[in-house]
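Quick caveat, the model's predicted, so the values are computed rather than measured. So you know, we letter chains A, B, ... as the sequences are listed, proteins then strands, and number each from 1.
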Number of protein chains: 2
Amino acid sequence: MFKKVLIIEDDAMLRSSIVQTLELEDLEPIPTNGFTQARRSIRHNFRGVILSDIKMPDHDGFDVLRFAQTKDEELPVILLTGHSDVPTAKRAIKEGAYDYLEKPCAPDTMIEALHRALKQRTLIMENREVRDELEQTNSDQTEGTLSERLEMHERRIIEEALSDADGKVAIAAEALGIPRNTLYDRMGKFNIVAKAFRKPTGN
Amino acid sequence: MFKKVLIIEDDAMLRSSIVQTLELEDLEPIPTNGFTQARRSIRHNFRGVILSDIKMPDHDGFDVLRFAQTKDEELPVILLTGHSDVPTAKRAIKEGAYDYLEKPCAPDTMIEALHRALKQRTLIMENREVRDELEQTNSDQTEGTLSERLEMHERRIIEEALSDADGKVAIAAEALGIPRNTLYDRMGKFNIVAKAFRKPTGN
DNA sequence: AAAATTTGTCCGAAATTTCGGGAATTTTTA
DNA sequence: TAAAAATTCCCGAAATTTCGGACAAATTTT
């Protein structure tokens, strides 16, 4: 599970207090004093969540939220808000903020919210990874001649076997259940050289 | 996104109030009056989350939580708790509850928490689906003779082509770039009959 | 109902693949 | 360094695959 929490808070005291709270919970706070400083950390595939004050000198929490959404639509942003700003925070949620915390808030409450956000972020990133993987393995071949597709597959099988056998043709041939000579025949057809598959680790 | 919310609440008034709140938000409440009644709805792959009172005549929220976890480790459970029971709720969170709400709670707050839980549940289920799919397509063949693996693949290609061609061998053959007769040869080898691929829609 | 098209099967020649044997060369092992 | 093993290539016979032609049966179109 992810642990990074990008903290955007101009009040130095509060900021370090939050950092301490998170560190006690084995999270990884990344403290910043405002939007400008935080900006470069906010990027697609950020492996964590954002915890931002809503009211700051230069920019407000909405700036953070909007910027985060341009970088990654599914990057959870939790806003810290004073009691009088709760309606603002609710509006922020409608615009995609993940949650808000009313200042001052109990450490427990903050940790609970962060855990939920981090869990969601982890799930989102896992989802993306698995989907990418699926797309790759699925992009096998959907067009082309039967023989072209079969040759593509045969090449892959042979290369995989050679790779597993550390480039040793004899071993690969046995694994594939064919005589060495036959494998050489096939390799010749596909312009595969065994050397390319030797020494998978180091050199 | 999922919308089901299994409500476990013995107080009929509060229960119907919650139902109304959820319906206004286009969610799908499933009201029950206690653990016994809810039990049969709690199952693996439930497409929603659980919202349960923590203090009830027959069983308490922990019973619900534990039972849910035996059915599905990743089924979010939100607990409704009186003010005096907040410490209990925090303990429940450590045991895997997703969140808790202090009674009486503002409809907005409840909806926000439910949305987060439903979003997480949706992500979890998507994750499972994609992983299953990946496992299937990945279980191609990692062992066996070269010819065995190639034949398996050839069979799949042919069946896919026939399926696309509505079981018409001539069309499938053209798509595969081979003469019709050759495809018949191959089909004979694999015991594939074209009829099996006809009429994919209706009859 | 007749005509036209498609299906499914068989045949046989040409092309390709398989595979054992052999042998020169390189790499690894002892 | 000597021996053992593996690589890479060539050959040729046996087996398999490809593919066009032909044709009866089944289906669809007209």
Compare side-chain N and O positions of [X] against OP1 and OP2 of [N] and report whether any pair is under 4.0 Å apart.
| X | N | value |
| --- | --- | --- |
| B:Tyr184 | C:dG8 | yes |
| B:Lys189 | D:dT17 | yes |
| B:Arg180 | C:dT6 | no |

Are any side-chain N or O atoms of B:Asp72 and backbone N or O atoms of B:Asn45, one a donor and one an acceptor, separated by less than 3.5 Å? yes

Sidechain-backbone polar pair: B:Arg15 side chain, B:Glu9 backbone, donor-acceptor under 3.5 Å: yes

From the list [options], which nucleotide is the closest neighbour of the side chain of [X]?
| X | options | answer |
| --- | --- | --- |
| B:Thr182 | D:dT7, C:dT18, D:dC19 | D:dC19 |
| B:Asn181 | D:dA22, D:dT7, C:dG21 | D:dA22 |
| A:Asp185 | D:dT8, C:dG8, C:dC19 | C:dC19 |
| A:Pro179 | C:dC19, D:dG20, D:dT8 | C:dC19 |
| A:Arg186 | C:dG8, C:dT7, C:dT17 | C:dT17 |

Atom-to-atom span, [atom1] of [X] to [atom2] of [N] - whole angstrom:
| X | N | atom1 | atom2 | answer |
| --- | --- | --- | --- | --- |
| B:Leu146 | D:dT16 | CG | P | 16 Å |
| A:Leu183 | C:dT17 | CG | P | 15 Å |
| A:Asp166 | C:dT27 | CG | P | 15 Å |
| B:Glu154 | D:dT18 | CD | P | 7 Å |
| B:Asn191 | C:dG8 | CG | P | 15 Å |
| B:Lys195 | C:dG8 | NZ | C1' | 9 Å |
| A:Glu174 | D:dA5 | CD | P | 15 Å |
| B:Met187 | C:dT7 | CE | C1' | 10 Å |

Residue from A:Ile18, A:Ile30, A:Val64 passing side chain to side chain contact (heavy atoms under 4.5 Å, CB included) with A:Leu51: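 Testing each of A:Ile18, A:Ile30, A:Val64 against A:Leu51, the sole residue satisfying side chain to side chain contact (heavy atoms under 4.5 Å, CB included) is A:Ile18.
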
Please round to the nearest 0.5 Å and tell me the distance separating atom CZ of A:Phe35 and atom CG of A:Asp53.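 Reported to 0.5 Å precision, the distance equals 14.5 Å.
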
State whether B:Asp99 and A:Arg116 are salt-bridged, where the test is any N-O pair (Lys NZ or Arg NE/NH1/NH2 against Asp/Glu carboxylate O) under 4.0 Å.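 A salt bridge links B:Asp99 with A:Arg116.
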
